[in-house]
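Take a look at the structure set out below.
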Amino acid sequence: MTSALRSALAAPIMAAMFAVATAVPAPPALAQEPQRIAAVVNDEILSMRDLRNRLRMVIVTSRLPPTDETARRIAPQVLRGLIDEQIQLQEAKRLNVSVTDQDMARARSDLEQRNNLKPGQFDAFVRDLGVDPDTVERQLRAQIAWGKLVRRRFGNDVNISQEEVSDVLARLEADAGKTQKRIAEIVLPVESAANETQVRELADRIAEQLRGGANFGAIARQFSGAANAAVGGDVGWVLPERMAPEIAEAVSRMAAGEISAPIRTVLGFHIIKVVDSRVLAQPDPATAVVDLKQLFLPVPPNAASDARDSQRALAEAVASSAQSCDDLVELAKEVKSPASPNLGEMKVGELAPVLRDPVSSLKAGELTGPIDLPNGVMVLMVCSRKAPPSNLPSPEQIRTQLEAQRFEILAQRYLRDLRRSAFVEPRV
């Protein structure tokens, strides 16, 4: 399971719930007539109680004001989310994809860990927030079923080649020294000219609430139409100039923590949050830590040149028979080297310049050639090497990210096709 799909299992109620200390009453706008039908999805119904409970959960987790106005504004998007979940559950049932008790137990355990709760405390925690645990379980169950279904259906179609990974890594290496920004986004699609005004008003309202402290990730999970909604809208580290021009212009001016006004693109309205910024950097070889052994043969300062040549030849001949650092230590003893063979661990950048260059490119178990020093000749062996830190992702991290993106795109297309073929009749 990719990290994106794994994160989706815990999507609905993580960070925001931890921050909320008091329960929120049910939005009064939809508190009446709980048995009425909110929508018909194929041959199943969603009740007003379902909608009311989900609205309460969304308001709590997103830290939105618990008012009639809030409920009215977000009700259409919340209902659409419930409809999508019903479609997903129906498709999973049709294809015999089930959610086991073990699946649910793992999801609850993950949520408890993420919210610093003890095992078994989650239901009580949810109730203390004024949220119906059945509502949380319904959303969890739908997300687990959908994740399993997508993996089953498209698992053979998602094959990331080494060339794709190498291309991404090459682009990142070429961008070393440039400033990246980690961003999250909420995308509110504009499906027709008729609903553009309504979507813009919602986008303005959401941006206003986000600046007032509403939880960005929770709102993205509930409202965003982008493939990354399941992971709180996280886009990851990007270079602004590689984004759509209208978004790049805004992001390039934003500092960490800032939230943009809604930005109109061909897809709809985007709300962008800059989470952090950094300079993209390749590893600095000077920060690698090496454990070194040495073979040192002295040469008196006033010795003739042939004396130095002789010691160089001896050093090269002795060192060439060393297959390991232990061998080099024994050989140093045999030739009665006056210097301890153990130099210990140090950063490459801490070595004297005359030693730094020969050592910088060596792998564990490799030797330098003879190195001339004012008082003798030295040969070094790298016994171990700890790679220097880098903020470039590893090839495996790139592969995992590409897989997650591919699965999410396929999942969005799959859900779009299911929506088109479903019978959906909203009643509110």
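The backbone N or O of V41 lies less than 3.5 Å from a partner atom in the side chain of Q90, making a donor-acceptor pair. A donor-acceptor distance shorter than 3.5 angstrom exists from the side chain of N215 to the backbone of G217, with no hydrogens or angles considered. When atom types are taken as modelled, the side chain of S310 and the backbone of D306 share no donor-acceptor pair closer than 3.5 angstrom. Formation of a donor-acceptor pair under 3.5 Å by the E241 side chain with backbone atoms of A248 is not found in this model. Looking at R385, its side chain never comes within 3.5 Å of a backbone N or O of A364 through a donor-acceptor pair. A side-chain donor-acceptor contact under 3.5 Å links D234 to the backbone of G236. Without hydrogens or angle criteria, R63 side chain to G213 main chain gives a donor-acceptor distance under 3.5 Å.
Atom CG of D101 has 12 or fewer neighbouring heavy atoms from other residues, nucleotides or ligands inside a 6.0 Å radius. E91 CD: more than 12 foreign heavy atoms inside a 6.0 Å radius. Taking a 6.0 Å sphere around CG of N156, one finds it holds 12 or fewer heavy atoms contributed by other residues, nucleotides or ligands. Summarising the local packing, CZ of R413 is surrounded by 12 or fewer heavy atoms from other residues, nucleotides or ligands at distances under 6.0 Å.
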Derivation and outcome, side-chain contact (heavy atoms from CB on, under 4.5 Å), residues M378 and L355: CA-CA 9 Å; M378 174 185 287; L355 306 178; 3.8 Å; yes
Criterion side-chain hydrogen bond (donor to acceptor under 3.5 Å, both in side chains) on R242 and Q180, from CA distance to verdict: CA-CA 10 Å; R242 296 250 170 109; Q180 280 189 319; over 6 Å; no
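Counting heavy atoms from C-beta outward, I183 and M243 have side chains that approach closer than 4.5 Å. Residues V78 and F223 have side chains in contact (heavy-atom distance under 4.5 Å, counting atoms from C-beta outward). Using a 4.5 Å heavy-atom threshold, the side chains of I186 and L210 count as touching. Two residues are said to be in side-chain contact when any heavy atoms from C-beta on lie closer than 4.5 Å; D327 and S321 fail this criterion. A 4.5 Å side-chain heavy-atom check between E163 and D167 finds at least one atom pair inside the cut-off. Two residues are said to be in side-chain contact when any heavy atoms from C-beta on lie closer than 4.5 Å; V187 and T265 fail this criterion. In this structure, the side chains of I271 and F216 come closer than 4.5 Å at one or more pairs of heavy atoms. Taking 4.5 Å as the limit, every side-chain heavy atom of R308 sits out of range of all side-chain heavy atoms of Q311.
Legend: ring pair (Phe, Tyr, Trp, His ring centres under 6.0 Å) pairs involving residues 143-167, not counting sequence neighbours, sorted by first then second residue: W146-Y414, F154-Y414. Among pairs with a residue in residues 91-120, none fulfils ring pair (Phe, Tyr, Trp, His ring centres under 6.0 Å), at least two apart in sequence or across chains.
Look at K148 and D103 and you find a salt bridge, because one of the NZ, NE, NH1 or NH2 atoms lies within 4.0 Å of a carboxylate O, short of that distance. A salt bridge links E164 with R406; the closest basic N to acidic carboxylate O contact falls under 4.0 Å. A salt bridge between E85 and R141 is absent, with no side-chain N of the basic residue lying under 4.0 Å from a carboxylate O of the acidic one. Ionic pairing of R253 and E249 is present here: one or more N-O contacts between side-chain nitrogen and carboxylate oxygen are shorter than 4.0 angstrom. Remark: D372 engages R312 in a salt bridge, criterion side-chain N to carboxylate O under 4.0 Å.
Paired with V158 under the rule side-chain contact (heavy atoms from CB on, under 4.5 Å), one option of E403, R151, Q405 passes, and it is E403.
When all heavy atoms of C325 and V382 are compared, the pair lying nearest together is SG-C, 4.1 Å. Of all heavy-atom pairs between P338 and F296, the closest is CD-O, 3.8 Å. Heavy atoms only, all atoms of each residue included: A422 and I87 are closest at CB-CD1, 4.1 Å. E350 and M346 get closest at one heavy-atom pair: OE1-CB, 3.6 Å. When all heavy atoms of V150 and A411 are compared, the closest pair comes out as CG2-CB, 3.8 Å. When all heavy atoms of S260 and A207 are compared, the pair lying nearest together is O-CB, 4.1 Å.
The CD1 atom of I219 sits 11.5 Å away from atom CD of Q77, with the distance rounded to the nearest 0.5 Å.
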